[in-house]
Amino acid sequence: MAPRKRRSALAVKRGRTSSQFTNMYYCHFPVLLILVSISLTSMGAYSHPCSEDFLKITAERNVTGGCKKLNTLGAEFRWNQHPNGSQIDIAFGAKLEADAGWVAWGVNPGDTPQMVGTRALIGIKQPNGSLVINTYNITRDTKRRCQLLPSKIDVAVNNLKFDYSSEIRYYVIYASLDLPPAYHISKFKHVWQVGYKAEGLEPKMHPTTLHNVDSIQTLDLVSGSSHSIGRHRRHLRSVHGILNIAGWGTLLPIGVIIARYFKSYPIKKQGWFALHISCQIVGYFLGTTGFIIGLWLGHASKHYSFFTHRILAIFIFAFTTLQMFALRLRPGKNDEYREYWNMYHHFLGYALLAVISANIFQGIAILKPENTWKWGYIGLLGFLLSIALALEVFTWCKFCYKKNRIRKGRSPSTVSQVSGVGRD
């Protein structure tokens, strides 16, 4: 008998191990996808080739040197460096999707690239479609939204032009600059911007999105290497978004689907609770990591604050943490308060899923990445909702079928099983 018991115990142990491995696979597989996505995001962040069309139109103006597709606003920058080192030809292009507005590019002799102190070339598109361009000094008064009008700058500017290229729908600034010694070729600090309001020769305040605030860079005109002050911060924003979409927006809903439809009705699956808890724990860990990164980003930012996104994130973290306490603090099955606790647990869980989806869309609107983010998340939501809807329809079809059989007296099934739809 003893060998049989041992074999039986070993079989049970193997079964548990296999079940645990399956649960870990289903709930940790998305983590692998997250890591791959982050890696692809990182690779994309350091690749900045110029478009063929921009290279073509700038070559027609004899600007044939180095070229950079800039990190923000869809802008591109190309330059020639003359043999004496202090003279350069530049071409800066960006889209301006408005009837009137302005496109700006400038250099800053200070220690860091920033708006204040920039010597700017600003091309303005008038409401009648005409284009004008002038030089401007960006000062602290400009930051206080005082009037900004054309003025002389300490950089000699020749061949200043502002054109529109219908081929790529770019507004392009061309200029030849003679740089004073304060402007180091190896640490060339340049700033760019796009605005959508102008009155005469006065450009009005540009939007204050992350893309506008991050439009600064230090560039080595000799080697072509560059360093953006906000580069690592932009990478962290992407990581923050990916972790929250994977944790809060994917694994938590999967855990809810498992708990609702695979406990006992309509489909009874052994080990459903372990799978449910695994998804919730991994999702909570990823979401919390993304939340902490978001708090750091909010604390590190001096120029912007997203109140609604932050409040919703704190709400999600606080009440998801409260839901996690259910692992230890939920009442026993025979406790008189268990039914009320189930109602609270379910209602809060569904409410959190709605708030999570709303805040993810809010974050995507703030980050303004490529449309693949938005449509990718819409596709993910549609997939999860389709699964939940299909299982819900199956649940009620099975419920109605069993109920009809009970009424006709053709089924020995107990009423309690049928009436247990959706209970935890």
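Atoms considered below: every heavy atom in the structure, side chains included; atoms not considered: hydrogens, waters and symmetry mates.
Scanning for side chain to side chain donor-acceptor pair (under 3.5 Å) contacts around Ser357 gives Tyr377, with sequence neighbours left out. With sequence neighbours excluded, the residues forming a ring-ring contact (aromatic ring centres under 6.0 Å, His included) with Phe306 are Tyr304, listed by chain and number. In this structure, Phe285 has no ring-ring contact (aromatic ring centres under 6.0 Å, His included) partners at least two apart in sequence or on a different chain. With sequence neighbours left out, the side chain to side chain donor-acceptor pair (under 3.5 Å) criterion links Thr209 to Asn212. Taking Tyr196 as the reference, nothing meets the ring-ring contact (aromatic ring centres under 6.0 Å, His included) condition, with sequence neighbours excluded. Applying the salt bridge (charged side-chain N to carboxylate O under 4.0 Å, His left out) rule to Arg61 yields the partners Asp163; only residues at least two apart in sequence or on another chain are considered. Checked against side chain to side chain donor-acceptor pair (under 3.5 Å), His211 has no partners two or more places apart in sequence or in another chain. Partners of Lys56 by salt bridge (charged side-chain N to carboxylate O under 4.0 Å, His left out), not counting sequence neighbours: none found. Residues satisfying the ring-ring contact (aromatic ring centres under 6.0 Å, His included) test with Tyr136, not counting sequence neighbours, are none. Applying the side chain to side chain donor-acceptor pair (under 3.5 Å) criterion to Tyr174, with sequence neighbours excluded, gives no partner residue. Listed by chain and residue number, Thr288 satisfy the side chain to side chain contact (heavy atoms under 4.5 Å, CB included) test with Ile292 (two or more places apart in sequence, or in another chain).
Remark: Tyr344 OH is packed, more than 12 non-hydrogen atoms of other residues, nucleotides or ligands lying under 6.0 Å away. Sparse packing is recorded around CE of Met343, with 12 or fewer heavy atoms of other residues, nucleotides or ligands lying under 6.0 Å away.
Contact detail for Asn244 and Ile360: the closest heavy-atom pair is O-CD1, 4.1 Å.
Counting only residues at least two apart or on different chains, the salt bridge (charged side-chain N to carboxylate O under 4.0 Å, His left out) pairs with a member in residues 133-142 are Asp141-Arg144.
Phe77 and Trp192 have their aromatic ring centers separated by at least 6.0 angstrom.
In the model, Asp53 has no side-chain atom that pairs as donor or acceptor with a side-chain atom of Ser51 under 3.5 Å.
Using modelled atom types, no side-chain atom of Lys95 and backbone atom of Arg169 make a donor-acceptor pair closer than 3.5 Å. Asn80 places a side-chain N or O within donor-acceptor distance of the main-chain N or O of Asn62, the cut-off being under 3.5 Å.
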(Q) Between Phe92 and Val63, does the side-chain contact (heavy atoms from CB on, under 4.5 Å) criterion hold? Intermediate values first, please. (A) CA-CA 11 Å; Phe92 169 81; Val63 184; over 6 Å; no
